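Just so you know, ligand 1 is whichever comes first in the structure, and atom 1 is the first atom listed for that ligand. All figures in this text were calculated on a predicted structure; none of them were measured in a lab.
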Amino acid sequence: MKLNDAYLSRFVSEKELEKIRPEAEAALKKLKEGTGEGSDFIGWRDLPVSYDREEFARVKRAAERIRKNSDVLVVIGIGGSYLGARAAIEFVKGNLHNRLNKNAPEIYYCGNSISGPALEGILSICREKDFSVNVISKSGTTTEPAVAFRLFLALAKEKYGDAAKERIYATTDKSRGTLKSFADREGWETFCVPDDVGGRYSVLTAVGLLPIAAAGVDIDALMAGAAAARERYYVAGGFNDCLRYAAYRNLLLRAGKSVEILSTYEPSLALLSEWWKQLYGESEGKEGKGLYPSSVVFSTDLHSLGQYIQEGQRILFETVIDLGKSGSNLAVSYDGENADGLNFLAGKTFDEVNRTAMVATILAHTDGGVPNLVLEVPDRSAASLGELIYFFELACAVSGYILGVNPFNQPGVEAYKKNMFALLGKPGYEELGRSLAERMDGSLRQM
Ligand code: PA5
């Protein structure tokens, strides 16, 4: 992997970069010494080398069992308990893996919304097919996954009776929380979210690893890629690509670029962007600070948000994922008639054309005043993904410290939860419920 900053030179000077360098290095030092804010949650730094081997082996065995006895795996979780697994599976296996990934279960995600139709759709699939469930919640109390799990647990019991317990896997805190006690009582296999790893940094724990392994992704290679990144960016130190990325983000923010767009050219990377948005949004968006993380998938968004990026408010910069090899050699076909006039493309691979679109777009967008940073990722292998995950996690922590926030908490997420509980009548929230009711427009009462 390489950070290519060639297209940034007209927006950020070497001098500015050198000036912020001590801040980036101080941030890394804080992280290494555990002296920064949120240091209770920095266990992810060493995960690629110090992960629990016994649990890792259990994850592999459980994944194998799921692959053997299930047509469908339902992954129930939200935020950090969902996005990493999905991002990884789609990155390596493609966004059509449910149809094309042979010898692996179809994987559906729920508990990340409260949509009745979305749940009913997955339930109806599970009625027809053999399924297993991986319910993931560090706290064990998050409402969205908990209510979804009720439904799938009931269906599993109805369909498999006592044997349902062989098909439920709970990933949660090692000793606390409703889900942990529920799992112990019912005899489900449990996996642990380490105390010192927050949700959005947890993809390389059982949170991500069980679904990822069930999809047939090589989790040894994933961890090896992350370990290599840890060595290169964390252990080696210096003003390496990861620190430079964190530094550039802060420089651009200080220069008035308040929105970072992660641009990809592969639909299979769309969920990686969702994971990245959560990582950066929850880590940095607080105390009135932080870049707003956004994402696009090109070419599709070149025909939608592309207009804004080219000519809208000049508050944007892009981080472009330049994927070396997509995994496909498909080429544009030759047409004897050349009715569409496209024979000049015949024989070129779609990778070549896609890359040309990327370079053309970078040039156009930088001409339009949008700084572009390019992150070169060699391929869609599990090892490259491991490296990319660690790169983004470390850069996020460093960037958050440069920004002056605690990158490991998410106090703002509580606000909607309190209101929702109050409006749904959860005991203990009566007073808040009454005051919110006075401010409401009546739309709830109309339901
Ligand atoms: O990053 C985080 O900590 C959050 O996004 C959580 O992962 C998310 O809120 C889900 O929480 P839990 O795993 O406790 O259900």
Side-chain angles (χ1 to χ4, degrees), residues 37-45 47 74-88 109-114 119 133-153 168-183 188 190-212 271-286 290 293 295 389-390 392-397 399-400 405-421 426:
E37 273 194 278
S39 285
D40 297 352
F41 290 98
I42 53 178
W44 55 271
R45 291 173 321 175
L47 268 180
V74 182
V75 176
I76 305 180
I78 192 166
S81 292
Y82 143 72
L83 285 162
R86 186 164 178 188
Y109 304 88
C110 63
N112 56 73
S113 77
I114 319 177
L119 279 166
V133 175
N134 183 196
V135 55
I136 309 168
S137 177
K138 180 172 178 169
S139 62
T141 55
T142 309
T143 310
E144 288 86 345
V147 289
F149 181 52
R150 273 195 174 197
L151 301 176
F152 286 91
L153 179 60
I168 312 277
Y169 302 86
T171 308
T172 187
D173 187 89
K174 69 173 183 307
S175 51
R176 282 168 304 194
T178 318
L179 183 56
K180 176 64 182 159
S181 31
F182 200 2
W188 308 322
T190 58
F191 296 95
C192 155
V193 194
D195 284 345
D196 56 357
V197 179
R200 59 189 174 277
Y201 289 84
S202 69
V203 55
L204 299 178
T205 70
V207 169
L209 294 175
L210 179 56
I212 293 171
L271 261 292
L272 178 82
S273 298
E274 296 305 315
W275 169 81
W276 172 89
K277 285 194 283 195
Q278 190 219 355
L279 180 63
Y280 282 81
E282 279 194 347
S283 298
E284 294 193 319
K286 52 198 71 158
S295 68
I389 287 171
Y390 195 88
F392 276 142
E393 288 181 347
L394 180 61
C396 183
S399 180
V405 297
N406 174 354
F408 306 114
N409 65 2
Q410 54 286 331
V413 177
E414 294 308 311
Y416 99 91
K417 285 190 197 168
K418 278 195 224 141
N419 285 356
M420 184 175 78
F421 289 150
K426 185 171 176 172

Numbering as shown, the atoms of ligand 1 that approach [X] to under 4.0 Å (heavy-atom distance):
| X | value |
| --- | --- |
| Ile78 | 7 (O), 8 (C), 10 (C) |
| Gly80 | 5 (O), 6 (C), 7 (O) |
| Gln410 | 3 (O) |
| Ser139 | 12 (P), 14 (O), 15 (O) |
| Ser81 | 7 (O), 12 (P), 13 (O) |
| Gln278 | 1 (O), 2 (C), 4 (C), 5 (O) |

Exercise. Got an N/O contact under 3.5 Å between Arg200 and ligand 1?
Worked result: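 The answer is yes, given that Arg200 and ligand 1 share an N or O pair closer than 3.5 Å.
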Exercise. Would you find more than 12 non-hydrogen atoms of other residues, nucleotides or ligands less than 6.0 Å from Lys417 atom NZ?
Worked result: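 More than 12 within 6.0 Å, yes.
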Measure from the side-chain N and O atoms of [X] to the backbone N and O of [Y], and report whether any donor-acceptor pair falls under 3.5 Å.
| X | Y | value |
| --- | --- | --- |
| Ser139 | Thr141 | yes |
| Lys286 | Asn409 | yes |
| Tyr82 | Val75 | no |

Which residue and atom name correspond to the protein heavy atom nearest [atom], and how close is it?
| atom | answer |
| --- | --- |
| atom 2 (C) of ligand 1 | Glu282 OE1, 3.4 Å |
| atom 11 (O) of ligand 1 | Thr142 OG1, 3.6 Å |
| atom 3 (O) of ligand 1 | Gly199 N, 3.4 Å |

Exercise. Does the protein put a heavy atom under 4.0 Å from atom 13 (O) of ligand 1?
Worked result: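 Yes, at least one protein heavy atom sits under 4.0 Å from atom 13 (O) of ligand 1.
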Exercise. Between Asp196 and Arg45, is there a salt bridge with N-O shorter than 4.0 Å?
Worked result: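 A salt bridge is absent here (no side-chain N lies under 4.0 Å from a carboxylate O).
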Exercise. Between atom CG of Leu204 and atom CH2 of Trp44, what is the distance when rounded to the nearest 0.5 Å?
Worked result: 11.0 Å
For this session: State the CD1-CD1 distance between Ile76 and Ile168, to the nearest 0.5 angstrom.
Result: 7.5 Å
Exercise. Which of parallel (below 30°), tilted (30 to 60°) and perpendicular (above 60°) describes Phe392 and Trp275?
Worked result: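 Taking Trp275 first and then Phe392, their aromatic rings sit tilted (interplane angle of 30° to 60°).
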